[in-house]
2 protein chains.
Amino acid sequence: MPLNEIDDVDRKLLDLLREDGRRSFSEMAPEVGLSVAAVKRRVDRLRDIGVITGFTVQIDHTKLGWGIEAFVELSYTGNTAVGEILGTTHKVPEVQAAFTTAGDPDALVHVRVRDIAHLQKVIDGLRRERGVTGTKTLMVLGSWTRSA
Amino acid sequence: MPLNEIDDVDRKLLDLLREDGRRSFSEMAPEVGLSVAAVKRRVDRLRDIGVITGFTVQIDHTKLGWGIEAFVELSYTGNTAVGEILGTTHKVPEVQAAFTTAGDPDALVHVRVRDIAHLQKVIDGLRRERGVTGTKTLMVLGSWTRSA
DNA sequence: TGTGAAATAATACAGTA
DNA sequence: TACTGTATTATTTCACA
């Protein structure tokens with residue numbers, strides 16, 4: 001079910017776009033040995049079948065004054081549904097990403113804030129959410145993300 | 001201190017590119033009320049000063065057969081440097097991102113794998129890294145990421 | 001999938017405030 | 001310094017072989 005339809009050329013195109021999402025079709029075409037039109041059709045198809053969900057810019061948030069990053073582990077009462085957890089974190093603008101997990105913390109939330117006072121406010125806000133029974137915060141000291 | 005030089009137009013451009021990193025300058029120009037050339041120069045400048053670090057494609061890894069996502073918390077011996085931690089995780093291709101943290105786990109690692117057996121192998125590999133004293137794995141059930 | 005032509009977009013540059 | 005408008009080049013897009 002998951003694929004069957006993605007070949008090595010598609011994977012190569014995904015790699016190229018992961019490195020630089022604004023690469024032109026004409027630049028990628030010789031890399032995969034196809035015509036420009038064929039490359040465009042492949043990328044269009046990858047979007048159509050949902051393998052490519054979008055393109056985005058990568059930003060150094062430090063340079064924008066959002067210098068602090070943390071993960072907040074959340075515990076919920078037993079009757080809180082997974083979907084509900086993701087929904088409540090969505091409303092908090094400082095939350096960059098949220099993950100519901102199996103096991104001890106029920107959710108892991110990635111937040112980005114300007115300073116420690118700001119972090120305090122965000123954590124307090126998360127603690128007040130319905131069903132939250134406890135939090136544990138991991139301040140990020142350094143990080144690294146694959147690819148670009 | 002970190003900026004001073006980024007104005008509302010720049011922020012608007014970053015927002016537009018976060019939603020769609022392949023947006024054309026000609027599409028963004030009317031949105032911010034500037035000429036195409038002015039938009040290009042602004043985006044070029046945002047790259048030059050390091051606010052924009054790159055562009056990339058967003059992929060639905062489930063559709064590529066990498067259906068399982070987890071966070072692995074790592075504890076290290078006291079004499080392990082932060083840089084060393086990030087370095088060792090870098091070698092493991094299944095690691096999508098790594099964060100060193102202040103506090104109980106010393107690092108948090110985001111991994112993506114094909115199946116549970118694969119996850120087992122990756123965790124075993126991480127546990128064998130020099131300085132690692134313990135791990136705790138959080139399997140991701142659901143997730144959500146801001147913007148696109 | 002490739003080709004080739006028309007439509008768009010990116011880029012470089014001259015001129016203006 | 002930062003913009004606009006124009007000319008040139010490159011890229012995208014699409015119909016058809």
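All chains are named by letter (A, B, ...) in the order of the sequence lines, taking the proteins before the strands, and each is independently numbered beginning at 1. Just so it is clear, the model here is predicted, and its values are computed rather than measured.
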Original post:
Could A:R127 and A:Y76 be counted as a cation-pi pair, given that NZ or CZ must be under 6.0 Å from the ring centre and within 45° of the axis?
Top reply: no
Contacted region of DNA chain D by chain A, from 5' end to 3' end of the hits, cut-off under 4.0 Å to heavy atoms, spans D:dT11 to D:dC14
Exactly one candidate in B:K40, B:R41, B:R47 meets salt bridge (charged side-chain N to carboxylate O under 4.0 Å, His left out) with B:D44; the answer is B:K40
With B for base contact, S for sugar-phosphate-only contact and - for none (protein heavy atoms under 4.0 Å), nucleotides 5-17 of chain C reads ----SSB------
Tell me whether A:R22 forms a cation-pi arrangement with B:F25, defined as NZ or CZ under 6.0 Å from the six-membered ring centre and within 45 degrees of its axis. yes
Open item on the list: Check this for me: does any side-chain nitrogen of one of A:R23 and A:E31 sit under 4.0 Å from a carboxylate oxygen of the other?
Closed with: no
Is the number of heavy atoms from other residues, nucleotides or ligands within 6.0 Å of NZ (A:K12) greater than 12?
no
When A:D7, A:D8, A:D15 are each screened for side chain to side chain donor-acceptor pair (under 3.5 Å) with A:R11, the one that passes is A:D8
Q. So what does A:R42 touch, heavy atoms closer than 4.0 Å: a base, only the sugar-phosphate, or nothing?
A. sugar-phosphate
Task: Joint cluster assignment, B:V51 & B:L17, ILVMFWY side-chain distance < 4.5 Å - done: yes
(request) Name the orientation class of the two ring planes belonging to A:H118 and A:W66 (parallel below 30°, tilted from 30 to 60°, perpendicular beyond 60°). (result) perpendicular
